[in-house]
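Structure first, commentary second.
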Amino acid sequence: SNQKWLPCTIFDVRKWIAHHRCHNLPSNRCFKKMQTINDYCSVSRGENGIAQLTITNAGPLNIMNSAVIHGVREGLEQLGKDRDIRVLIVRGSGEKSMIGGADIKEMATLDQASAEKFITGLRDVCEAVRQFPSPVIARLRGWCLGGGLEFAAACDIRIASQEAKFAMPEVKVGIPSVIHAALLPRLIGWGRARWLILTAATVDAPTALNWGLVDQVVADQEQERMSGVKRRRTAAQRGRRDDHHRRRRCRRSPRRPARR
């Protein structure tokens, strides 16, 4: 039946987050051995339907070139078919970034046709995470820039370290912010979205939390702490009675986001 694979509700995810205020996101020790999906992403699985997708082989800042974009989208689409996954955490390899942004060096070499293909691929990977059938939590450390911030905005919940930094720096090199930057006004209002996109200003984690760009900020040194999975009530531990369609409605952009 459909009830057997429906993901948990946003209420359950929020309760899961509440139990991680002190102990934060599960560390790699919580998950079984990492399995490679392709050259650019791997998955590790924890208890009760929690999975973690790690972006790999994309450099220290996990920059998204065409190959990485394709690999991550392929990984998300593959995991989206797995009905045992009830919560997906997305992180980058290393601690400098989840996704540092799109590959500007590659973009500088593109002609019109290849640029359209590149932007379409970036759109598709953001849409793949936005349409993922279970809640997606972005684990944000270090830099979250440009396409990386658009990807994070497409996730359901964003948890940042205290040292995380956020920006849309494309304007500095004459590239417009497109695609899922359209989600920013819904999160932070028109005024703050314009400020990010038009000035390329960098926002620190406390400001991002105050604006609503992230949902929680946790201490760097505690982000990897493990307090015992069995003691935690995670979203995945609850019954699958819940409301896939309501979550889908939550992800739809409203016609007119609130102005700030």
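In what follows, residues are counted from 1 in the order of the sequence shown.
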* Asked: Salt-bridged, Arg139 to Glu95, with N to O below 4.0 Å?
  -> yes

* Is any NZ, NE, NH1 or NH2 atom of the basic residue among Glu77 and Lys81 found under 4.0 Å from an Asp or Glu carboxylate oxygen of the other? -> no

Verify, without hydrogens or angle tests, whether [X] (side chain) and [Y] (backbone) share a donor-acceptor contact under 3.5 angstrom.
X      : Y      : answer
Asn57  : Tyr40  : no
Ser97  : Trp143 : yes
Asn62  : Gly100 : no
Asn38  : Cys41  : yes
Thr54  : Gly92  : no
Asp103 : Ser66  : no

For residues [X] and [Y], determine if any side-chain heavy atom of one lies less than 4.5 Å from a side-chain heavy atom of the other.
X      : Y      : answer
Arg73  : Glu127 : no
Leu53  : Phe132 : no
Ile137 : Asp215 : no
Leu198 : Val171 : no
Arg91  : Arg141 : no
Trp195 : Ile188 : no
Leu184 : Leu213 : yes
Arg45  : Ile85  : yes

If Ile, Leu, Val, Met, Phe, Trp and Tyr residues are connected whenever their side-chain heavy atoms lie under 4.5 Å apart, and connections chain through other members, are [X] and [Y] in the same group?
X      : Y      : answer
Met107 : Leu145 : no
Met64  : Leu61  : no
Ile63  : Val125 : no

* Asked: Hey, what do you get for CD1 (Ile104) to NZ (Lys172), rounding to the nearest 0.5 Å?
  -> 12.0 Å

* CD-CG distance between Glu74 and Leu79, expressed to the nearest 0.5 angstrom -> 10.5 Å

Using every non-hydrogen atom in the two residues, find where [X] and [Y] come nearest and quote the distance to one decimal.
X      : Y      : result
Val90  : Met98  : O-SD, 3.6 Å
Ala205 : Phe166 : CA-CE1, 4.2 Å
Val129 : Ala154 : CG1-CB, 3.5 Å
Ala201 : Ala167 : O-CB, 3.5 Å

* Do Asp111 and Ser114 get their side chains close enough for a donor-acceptor pair, meaning under 3.5 Å? -> yes

